[in-house]
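The basis for the numbers below is simple: all heavy atoms, side chains too, and nothing from hydrogens, waters or symmetry mates. Residue numbers start at 1 and run along the sequence shown.
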Amino acid sequence: MTYEYTPRGVCSQKMILDIEDNVVKSLKVLGGCNGNLQGISKLVEGLSVDEVIKRLEGIRCGMKPTSCPDQLASALKLIKEESK
């Protein structure tokens, strides 16, 4: 299933995720640091939603209280809640 998430407090503007059977099949991020976000997208593909949350939750960007990886974890937590 495809989900869209609007991150808060970061440079990226939208995250588009495809998730099947609790596994991240693809991630596309619009805006933000293009190279880094492409790398993150490739690294999370094939991982379970829970594993991505575990690895990325709490990462900060400089002095910001969040980051694009942390916002991805937030998106996945929201998707998990909505799926219940």
* Check step by step if side-chain contact (heavy atoms from CB on, under 4.5 Å) holds for C61 and V10. => CA-CA 8 Å; C61 183; V10 294; 5.8 Å; no
* Asked: Are side-chain heavy atoms of S74 and M15 found at a separation under 4.5 Å?
  -> no
* Would you say Q38 and V29 make side-chain contact, with heavy atoms under 4.5 Å? -> no
* **Pair I79-I19, side-chain contact (heavy atoms from CB on, under 4.5 Å): steps then yes or no** => CA-CA 9 Å; I79 289 166; I19 299 176; 3.9 Å; yes
* Basic-acidic side-chain contact under 4.0 Å: E4, K14 -> yes
* To do: Indicate yes or no: does R55 engage E51 in a salt bridge with an N to O separation below 4.0 Å.
  => yes
* **Donor on one side chain, acceptor on other, N22 and S48, under 3.5 Å** => no
* Side-chain donor or acceptor of S41 paired with backbone N/O of L27 under 3.5 Å -> yes
For the student: nearest non-hydrogen atoms of [X] and [Y], plus distance:
X   : Y   : result
S67 : R60 : CB-C, 3.8 Å
E45 : K25 : CG-O, 3.6 Å
P69 : L56 : O-CB, 3.5 Å

* Does the side-chain contact (heavy atoms from CB on, under 4.5 Å) test come out yes or no for Y5 and Q71, once each step is laid out? -> CA-CA 9 Å; Y5 178 76; Q71 286 295 295; 3.2 Å; yes
* Asked: What's the verdict on salt bridge (charged side-chain N to carboxylate O under 4.0 Å, His left out) for E81 and K84, showing C-alpha distance, side-chain angles and the deciding distance?
  -> CA-CA 6 Å; E81 280 297 312; K84 288 184 180 178; 3.3 Å; yes
* Structure fact -> Only one of L72, L47, V52 passes side-chain contact (heavy atoms from CB on, under 4.5 Å) with V24, and that residue is V52
